[in-house]
Amino acid sequence: MQTAPATNEATPPGWDKARAHAIIDGMKATEGAALPMLHALQEAFGYVPHPAEAMMAEALNLSRAEIRGIISFYHDFRQAPAGRHVMKLCVAEACQSMGGPGVAERLLTRLGIGWGETTTDGSLTVEKVYCLGLCACAPAALLDDVPVGRLDDDTATLLAAEAAGGMT
Amino acid sequence: MITLYLSRDAASLALGADRVAAALLRDAATHGLDIQLIRTGTRGAVWLEPLLEVATPRGRVGYGQLRLADVPSILDAITGDGAHALNIGPVEAHPWFANQTRLTFARCGVIDPVSVADYEAHGGLAGLRRALELGSAAIVEEVKTSGLRGRGGAGFPTGIKWNTVRGAAADQKYIVCNADEGDSGTFADRMLMEGDPLCLIEGMAIAGIAVGATKGYVYIRSEYPHAVATMRAAIVAARRAGLLGHDILGSGIAYDMDVRVGAGAYICGEETSLLDSLEGKRGMVRAKPPLPALAGLFGKPTVVNNVLSLASVPWILAHGGKAYADYGQGRSLGTLPVQLAGNVKRGGLIEVPFGLSLRRLIEDWGHGTATGRKFRAVQVGGPLGGYFPDRLLDTALDYEAMAAAGGLLGHGGVVVFDDNVDLLAQARFAFEFCATESCGKCTPCRVGAVRGMEVIDKIAAGRDTDRNFSLLDDLCETMTDGSLCAMGGLTPVPVQTALRNFPEDFDRAGRKLAAD
């Protein structure tokens with residue numbers, strides 16, 4: 001689900017130190033600030049840029065290892081940017097009972113990617129999720145923040161095409 | 001002017017409610033119709049969504065399973081005599097709703113979720129007002145009398161938990177609402193937060209008054225962006241109306257709350273892991289004792305309750321604990337919002353007194369499988385719940401009966417499977433899920449889940465099956481007895497019920513012989 005962080009010291013994509021600083025500084029007095037801060041950073045940058053870890057560590061009086069530990073514990077936090085759109089496909093029991101995993105696997109095959117990977121044109125990242133709370137209209141998906149129920153092969157293909165900007 | 005109601009619950013949106021809403025407004029404008037469209041939560045009949053309701057002298061009349069193409073003819077029907085193939089009549093008279101007992105979900109799908117005025121007009125705030133009259137000790141007594149037990153799955157008596165927090169001396173106490181509803185097949189918390197969030201706020205405020213807590217958090221999973229948005233909007237509205245803040249309804253008592261968003265970790269639905277996550281840490285499970293009631297969030301006395309437990313409290317305070325306890329049976333009192341999901345024709349949320357049988361639920365409400373194929377199995381209580389065959393469908397939905405049948409009630413999720421299901425694959429998935437989502441703190445869960453997958457794979461391959469079945473038994477016993485929390489401790493439940501109730505799916509060698 002997560003791509004390994006870049007090991008070189010090149011500036012991460014979209015990095016804006018002042019913006020990161022404003023986010024971290026603005027939230028550091030919040031009770032249990034780490035998760036809200038990581039969510040805000042990911043909202044701003046699309047992922048949690050590597051240099052933000054040290055800044056968070058300093059602001060929260062934690063070690064950088066602890067910050068990395070928090071980021072890696074939670075499935076949501078990315079250490080590299082995702083595609084322009086993210087499709088979460090549910091593979092938990094209720095969706096299994098309606099063939100959800102099959103729809104998901106066939107879509108991944110058509111797109112030529114695996115779970116957590118992004119299409120070559122950068123338009124779509126497909127992620128596995130366990131339950132979206134749409135279990136009475138399974139199989140379910142979430143395309144960015146738009147919920148989709150009773151997903152089938154045709155709808156999944158259509159959504160992926162829409163994400164790619166109308167091109168299949 | 002015609003008043004229309006259409007749900008904006010995530011499940012309704014997933015079935016096209018926003019497209020229908022846009023078409024209704026557009027077509028009404030072109031025809032010069034004066035309509036007012038109110039976006040509500042859902043009443044829970046997901047199979048009927050998108051369900052459009054029209055205010056009439058006979059009450060709200062529904063048009064169900066609306067497609068975009070139906071909008072022009074529906075508008076004709078609304079302005080005419082109402083005749084339409086999709087007209088289901090007065091919604092509340094429809095048997096799917098009329099046979100329910102809506103206490104906790106009475107307003108869900110009926111009102112504008114973030115309107116305090118609408119909330120109050122439909123019975124809201126009566127519980128909070130009574131709570132302010134009663135005071136701390138009497139509130140706790142009322143909740144004890146109701147028999148309310150934790151709806152998250154553990155079933156611990158809520159009143160007793162509150163009493164412990166109430167009796168603890170501290171400079172700060174917290175109310176934490178567990179809205180990390182990760183169990184597949186469950187969506188009641190999401191539905192309530194999207195359809196009647198003020199009810200949860202009222203319940204949390206009452207809890208705060210009862211135990212002397214001035215601060216609360218709702219920890220909502222990130223997979224629920226709509227619930228997060230509605231809950232946040234409702235908190236803003238509640239503050240503005242004086243329901244939250246330093247002086248609740250002019251009582252001089254302070255209580256305020258915020259939303260916190262999870263980050264995709266199932267284990268954070270376990271209460272101690274949730275507390276660690278709220279504190280900004282990895283969501284690692286804590287050993288108990290100390291109980292969160294005495295040393296919870298930031299080490300302070302903390303009430304941790306599920307959404308449904310807290311949302312039941314306003315009704316209990318408004319109508320009395322005794323009235324609530326009149327519903328249900330045995331030690332399972334009150335109502336249970338059952339979530340009927342998966343391969344079922346008429347899925348959704350059904351609130352009934354404890355004690356309904358699985359068979360009546362699946363047949364009377366569910367109308368059989370969605371695929372039309374033969375029913376084969378049902379999983380009750382989420383990914384840590386048991387798999388039951390047809391012969392166990394007369395089991396009642398209550399805490400004790402489900403436990404006696406080798407399963408658990410959990411958060412009330414019921415997932416139906418047709419005869420395409422392979423119970424060996426489901427048992428393997430239970431281990432796989434545990435391996436993916438384990439916090440890793442204790443060995444039985446962290447290692448056991450991976451070993452479990454391997455053993456099932458060997459059984460599936462027909463390798464050394466006798467030895468591997470006994471290894472599986474041993475492993476399940478170790479996980480049950482040795483895990484720190486319910487994740488590792490209950491993962492054997494789906495595995496062992498699948499094996500016990502559907503042994504034929506595990507006999508690969510035998511099946512192959514029969515096929516040959």
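Throughout, protein chains are lettered first and strands after them, A, B, ... in sequence-line order, and every chain is numbered starting at 1. Computed from a predicted model, the values in this text were never measured in an experiment.
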Does [X] [atom1] have over 12 foreign heavy atoms under 6.0 Å away?
X     : atom1 : result
B/R67 : CZ    : no
A/H21 : NE2   : no
B/R19 : CZ    : no

(message) Is the distance from the ring center of A/Y130 to that of B/Y266 below 6.0 Å?
(response) no

[atom1]/[X] to [atom2]/[Y] distance, rounded to the nearest 0.5 angstrom?
X     : Y      : atom1 : atom2 : answer
A/M98 : B/D418 : CE    : CG    : 8.5 Å
A/L35 : B/E279 : CG    : CD    : 12.0 Å
A/D76 : B/E223 : CG    : CD    : 6.0 Å

(message) Run the salt bridge (charged side-chain N to carboxylate O under 4.0 Å, His left out) test against A/K28 and tell me which residues pass, sequence neighbours left out.
(response)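 Scan of A/K28 (salt bridge (charged side-chain N to carboxylate O under 4.0 Å, His left out), adjacent residues dropped) gives A/D25.
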
Under 4.5 Å from any heavy atom of chain A - which part of [X]:
X      : value
B/T369 : neither
B/Q339 : neither
B/V421 : neither
B/E194 : neither
B/R346 : neither
B/D183 : backbone
B/L278 : backbone
B/L349 : neither

Would you mind telling me which of [options] has the largest number of heavy-atom pairs within less than 4.5 Å of chain A?
options                       : value
B/G283, B/A11, B/A370, B/A227 : B/G283
B/E49, B/E181, B/M191, B/K215 : B/K215
B/G348, B/G280, B/A263        : B/A263
B/G347, B/A265, B/A10         : B/A10
B/N343, B/T186, B/D189        : B/N343
B/L297, B/L13, B/L15          : B/L15

(message) Would the distance check show the side chain of B/S184 and the main-chain N or O of A/A94 forming a donor-acceptor pair, the cut-off being under 3.5 Å?
(response)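 At least one qualifying donor-acceptor pair exists.
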
(request) Keeping the roles fixed (side chain from B/H226, backbone from A/V146), state whether a donor-acceptor pair exists under 3.5 Å. (result)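 It does not hold such a pair.
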
Quick one: of [options], who has the most non-hydrogen atom pairs under 4.5 Å with chain B?
options                        : result
A/A138, A/A140, A/C137, A/A141 : A/C137
A/P36, A/G100, A/A33           : A/P36
A/S97, A/G69, A/G149           : A/S97
A/K88, A/Q96, A/M37, A/E66     : A/Q96

Atom of [X], atom of [Y] and distance for their closest heavy-atom approach:
X      : Y      : answer
B/G182 : A/C131 : O-CB, 3.8 Å
A/L134 : B/R190 : CD2-NH2, 4.1 Å
B/Y224 : A/G133 : OH-CA, 3.7 Å

(message) Set out, in order, the CA-CA distance, both residues' side-chain angles and the distance that settles side chain to side chain contact (heavy atoms under 4.5 Å, CB included) for A/F73 and B/C439, then state yes or no.
(response) CA-CA 8 Å; A/F73 183 86; B/C439 82; 4.1 Å; yes

Would you be so kind as to tabulate the donor-acceptor pairs closer than 3.5 Å made by side chains of residues 381-388 of chain B, with sequence neighbours excluded?
from	atom 1	to	atom 2	distance (Å)
B/Y387	OH	B/Q379	OE1	3.4
B/Y387	OH	B/Q426	NE2	3.0

(message) Report which part of A/I70 has an atom under 4.5 Å of a heavy atom belonging to chain B: side chain, backbone, both, or neither.
(response)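 Both backbone and side chain.
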
(message) Between B/Y217 and A/E31, does the side chain to side chain contact (heavy atoms under 4.5 Å, CB included) criterion hold? Intermediate values first, please.
(response) CA-CA 11 Å; B/Y217 289 104; A/E31 274 190 337; 2.4 Å; yes

(request) Could you walk me through whether A/C135 and B/V415 pass side chain to side chain contact (heavy atoms under 4.5 Å, CB included), step by step? (result) CA-CA 8 Å; A/C135 322; B/V415 176; 5.8 Å; no

(message) Assess the residue pair A/E93 and B/F417 against the criterion (side chain to side chain contact (heavy atoms under 4.5 Å, CB included)); give the C-alpha distance rounded to whole Å, side-chain angles, the decisive distance to 0.1 Å, and a yes or no.
(response) CA-CA 9 Å; A/E93 290 90 339; B/F417 293 82; 4.2 Å; yes

